[in-house]
Structure formats: structure tokens, C-alpha cells
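Note that the structure is predicted; figures quoted are calculated from it, not measured. Excluded from the calculations below are hydrogen atoms, water molecules and symmetry mates; all remaining heavy atoms, backbone and side chain alike, are included.
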Amino acid sequence: MSFSSLVQDLSLRDPNAPRRRGDASVSTIDDRASRTSHISRAMSYASTAATSVSIAGDISSQLHGGYAHPLARSWQAERQLTKSMLIYPLFVSDNDDEEVLIPSLPNQYRRGINRLVPFLEPLVHKGLRSVILFGVPLKPGTKDALGTAADDPEGPVIKSIRLLRQRFPQLYITVDVCLCEYTSHGHCGILRDDGSLNNQLSVDRISDVALAYAKAGAHCVAPSDMNDGRIRAIKLKLIEEGIVHRVTLMSYAAKFSGCLYGPFRDAAGSCPSFGDRKCYQLPPGGRGLARRAIVRDINEGADIIMVKPASQYLDIISDAKELGKDLPIAAYQVSGEFAMIHAAAKAGVFDLKAMAFEATEGILRAGATIIISYFVPEFLDWLST
């Protein structure tokens, strides 16, 4: 029943009309006049009520109809999460048969190369399109001051690239490029005697590692070290090698220092043995620095710009989209973000699936078009249903 019909129906129920028990036909001229007056007032009220809704603002103020249905709600999203947007981080150790749960990173494992294919087969079948590889050397004596194991042809990363290219030809392979997992001191480059980063030597070494990964078959190399000038150095070496036309260069352009990387460092064994990374990763309040770094890396030849972490830096993702209008923007929902969502869901604060979607949709809304997340296996199921 419409609102106006309901008002009319109620108006006909005159409480003052005299009636005899069992005689509904008894009425007087006054009764009829009274009911006519009630109807008139009710119709006037219904018309005024309906009109007041529409004139409270412009007619376009009426929004509920645009998202009353679940499908209509999905149409309101500027970007909708799809499987092709997702990149799944993999930790690959040099212990070929290892499969070890990472306690601080729920449901995530460090795996040896012999465990990769059985793990990835069902995910690829569900629609996994891309992974990002992180090497984890565990054998004694592997790490040194120069990170020489980073581009070892028999190391976990290069062996994994070759295996995955062979077994999953359609899988897009991204590789993190850094030295922190391979250096004895745990920093992201080569150090001076005073313990500070030697930027020139670090860039030369990291660009060599990136080139080795590209030559091994990586579709995308992603330097995460935050040394100045490494994007240009990598791009030039790809040009000199004649493979720049087939290798994507994704820059961790705006990578912030902070406390959200703990579980990752447990997984990768990359905690610094002294000091911290605040002199080369961006300070959390450094929005201007982030914008400058983004512009610099675009000018040096980056094909994709990444912001890391994601949920705490939505303004930076938005800045990246503004500054790199014609570039894909990636956001890394880092280990600490993932672990916090799991911990709060376990405590009953919210539903895990609902929050995973809400956090990711916020990242998309800010401007990201690529999501690196540990939730990828779950999303492959959730997006299928």
C-alpha cells in the first residue's frame, strides 16, 4: 500500500461517527461531512509530505534507489576488485623441501622450490594471475656484506623463476629486488665503514640483480631498496641488454618506514643486525617526500608505481594516481596490515571476509589498480562466489 493510500484509509476510520453494534450502515449527514473533511486533510497531508521530500534538496538528493539492490550497489564502485588485479607474495627458501608456517603471518608459509608447484596448482586453477617472489637464504654462510647470493643462478629466486615459467606459462612473475635478505647486516644495500648506505655501490649491485632476474625470465622486476637512482640504473641495463621491451619495471616509489613490516621480516629473515632503515625508507609524515620520489621514479622510467604500506597511506595512493595519471598504481597491503585484520577478526571485532573486502575496496577507491596482498588465496574463492 502506498503512503497516500494508507493515509486515506486511516482517514476513513472516523472515531467520532455514531454506530450501532452490528450495524455498519448507520451514518448521518454530519458523519459524511466529517469524513469528507478528513479525506481532504489527509490527501493534502500526503501531497505535502511527498513534495517536502523532493524539495528538501534538489531532486537529485534522492539516492537510496540507486543502491537498494546488491547488484546496483556494486555498480556504484568506481573500481571493482577482480582476480587480475591481485599479486600474491611468495617466500621461497633455499631449503628445497621446506614448508614452514610463519607464526606471525597467519596461514602463510615459507616454501622450498619443491613445494611451489603443488601449492600453486589449485590457485592457478582458481584464477591466480600473478605472484611476487621473495628469496629467503637459510643455508649457513650464504649471507655476506655484498649480498652476493641475491643473483646466484642456483639460488631460490632464479630457480623459481625458471620453474614457474615452465610449469605455469600464463602466470605473471614479479620479483622483489633487494639485498636485505642476502646481506649479513640485513640492510638494503652495501654499507660504508660508518654503517651508512653507499648509494652508488648499492645501486650498481641492485641493478645487476634486477638484470639477472629479468634474464632468467621474470616478467616484472620490482626494486624495493629505496636507494636514489636505482630505477634509471635498472632501466639503462635493461636497454643495454636488449630486453627492456619485455620487462616491466615496478618501483616501490613510496615505501615508508614503520612498524608494519614485522611479520615479513620474520618470514624473510631480513631484520637489520643494527640500526634501522629510516634514512632510506620514507618517514610516515613525509607526504611531500613521497610525491617527489614518485615523480622522480616516473621520470627515470618506472612502468608501475607502488605505495607501501597501503591502508595507512591512502592519501599517498591518491597522490600517486594524480602524479602518474597514465601509469598503473600498485599498493602493497603489508604483513602488519594483514596480521592486524586477522587478530581483530579473531577477537570478534568484525568478520574477516567483510573487513578484507572493506580494506581492499578502500585501497582501490584511493586509486590503486594493482593489489599485493596475503589475502589472495581467499579472494580467489570469495570472488568466485
Side-chain angles (χ1 to χ4, degrees), residues 67 73-89 129-132 172 174-177 219-226 228-232 234-235 247-258 260-261 280-338 341 355-376 379 383:
Y67 55 97
R73 286 195 287 277
S74 73
W75 291 340
Q76 297 297 333
E78 185 175 336
R79 295 180 187 86
Q80 295 186 36
L81 184 64
T82 65
K83 294 179 182 181
S84 63
M85 294 176 173
L86 300 171
I87 301 178
Y88 185 43
R129 299 291 299 277
S130 181
V131 295
I132 182 167
Y172 189 86
T174 303
V175 186
D176 177 82
V177 183
H219 298 99
C220 175
V221 291
S224 61
D225 56 289
M226 290 296 289
D228 292 334
R230 86 270 199 223
I231 300 301
R232 182 176 186 273
I234 294 171
K235 199 78 168 186
V247 180
T248 303
L249 179 49
M250 177 163 62
S251 170
Y252 287 67
K255 180 180 179 180
F256 289 83
S257 64
L260 289 171
Y261 303 123
Y280 47 98
Q281 293 180 0
L282 301 177
R287 184 176 185 177
L289 272 173
R291 290 175 66 91
R292 289 165 60 192
I294 291 166
V295 170
R296 176 199 64 191
D297 288 2
I298 292 172
N299 291 336
E300 290 186 5
D303 299 300
I304 300 172
I305 294 297
M306 186 202 295
V307 176
K308 177 183 179 182
S311 296
Q312 281 76 5
Y313 296 90
L314 298 179
D315 58 327
I316 310 301
I317 297 173
S318 180
D319 286 348
K321 190 60 181 174
E322 171 204 339
L323 297 168
K325 292 182 177 66
D326 300 320
L327 276 71
I329 305 300
Y332 196 150
Q333 186 185 57
V334 300
S335 59
E337 296 174 77
F338 175 79
I341 292 172
M355 190 61 212
F357 270 105
E358 185 172 339
T360 306
E361 286 163 356
I363 296 166
L364 291 178
R365 192 177 63 249
T369 53
I370 300 168
I371 305 291
I372 303 172
S373 173
Y374 301 95
F375 278 115
V376 168
F379 277 133
L383 290 171

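Considering only residues two or more places apart in sequence or on other chains, Y332 meets the ring pair (Phe, Tyr, Trp, His ring centres under 6.0 Å) condition with none of them. The ring pair (Phe, Tyr, Trp, His ring centres under 6.0 Å) check on Y252 picks up nothing, with sequence neighbours excluded. In this structure, R292 has no salt bridge (charged side-chain N to carboxylate O under 4.0 Å, His left out) partners at least two apart in sequence or on a different chain. Applying the salt bridge (charged side-chain N to carboxylate O under 4.0 Å, His left out) test to E358 and every residue at least two apart in sequence or in another chain returns nothing. Applying the side-chain hydrogen bond (donor to acceptor under 3.5 Å, both in side chains) criterion to S373, with sequence neighbours excluded, gives Q333. Checked against side chain to side chain contact (heavy atoms under 4.5 Å, CB included), L249 has the following partners two or more places apart in sequence or in another chain: V221, P223, I231, I234, K235, D303. Partners of L323 according to the side chain to side chain contact (heavy atoms under 4.5 Å, CB included) rule, which considers only residues two or more places apart in sequence or in another chain, are R291, I294, V295. Every residue meeting the side-chain hydrogen bond (donor to acceptor under 3.5 Å, both in side chains) condition with S311, not counting sequence neighbours, appears here in chain and number order: E337. For S251, the side-chain hydrogen bond (donor to acceptor under 3.5 Å, both in side chains) partners at least two apart in sequence or on another chain are D297. By the ring pair (Phe, Tyr, Trp, His ring centres under 6.0 Å) test, F379 pairs with F357, W382, sequence neighbours left out.
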Quiz item: Would I372 and Y88 count as a side-chain contact (heavy atoms from CB on, under 4.5 Å) if you check the C-alpha gap in whole Å, the side-chain angles of each, and the deciding distance to 0.1 Å?
Solution: CA-CA 6 Å; I372 303 172; Y88 185 43; over 6 Å; no
Practice problem: Give the intermediate values and the outcome of side-chain contact (heavy atoms from CB on, under 4.5 Å) for residues S130 and T174. | Solution: CA-CA 7 Å; S130 181; T174 303; 3.8 Å; yes
Self-check item: Verdict with reasoning, H219 to V175, per side-chain contact (heavy atoms from CB on, under 4.5 Å)
Solution: CA-CA 8 Å; H219 298 99; V175 186; over 6 Å; no
Practice problem: Take S335 and Y374, measure what side-chain contact (heavy atoms from CB on, under 4.5 Å) needs, and give me the verdict at the end. | Solution: CA-CA 7 Å; S335 59; Y374 301 95; 4.1 Å; yes
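Although no hydrogens or angles enter the test, the distance criterion places a donor-acceptor pair under 3.5 Å between the side chain of R73 and the main chain of Y67. The backbone N or O of S224 lies less than 3.5 Å from a partner atom in the side chain of K255, making a donor-acceptor pair. A donor-acceptor pair under 3.5 Å is absent between the side-chain atoms of K321 and the main chain of S318, judged by distance alone.
Of all non-hydrogen atoms in Q281 and Y261, the two that sit nearest each other are OE1-CE1, 3.8 Å. Across all their heavy atoms, I304 and P328 have their closest contact at CG2-O, 3.5 Å. Of all heavy-atom pairs spanning P283 and S257, the tightest one is CA-OG, 4.2 Å. For the residue pair I305 and A320, the shortest heavy atom distance occurs at CG2-CB, 4.2 Å. Contact between I87 and V131 at its shortest, heavy atoms only, is CG2-C, 3.6 Å. Of all heavy-atom pairs spanning I316 and A254, the tightest one is CG2-CB, 3.9 Å.
Evaluation of the ring pair (Phe, Tyr, Trp, His ring centres under 6.0 Å) test over residues 287-324, restricted to residues two or more places apart or in two chains, returns F256-Y313.
In this structure, E300 CD and D228 CG are separated by 8.5 Å, a value rounded to the nearest 0.5 Å. For the atom pair L86 CG and R129 CZ, the distance stands at 10.5 Å (nearest 0.5 Å). One finds the CE atom of M250 at 4.0 Å from the SG atom of C220 (value rounded to the nearest 0.5 Å). With rounding to the nearest 0.5 angstrom, the CZ atom of R232 is 12.5 Å from the CZ atom of R296. Atom CG of D319 and atom CG of L314 lie 11.0 Å apart (nearest 0.5 Å).
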Please tabulate, one pair per line, all N/O donor-acceptor pairs under 3.5 Å involving side-chain atoms of residues 360-369, not counting sequence neighbours.
from	atom 1	to	atom 2	distance (Å)
T360	OG1	A356	O	2.7
T369	OG1	I329	N	3.2
T369	OG1	I329	O	3.4

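A 6.0 Å sphere centred on CD of Q76 holds more than 12 heavy atoms belonging to other residues, nucleotides or ligands.
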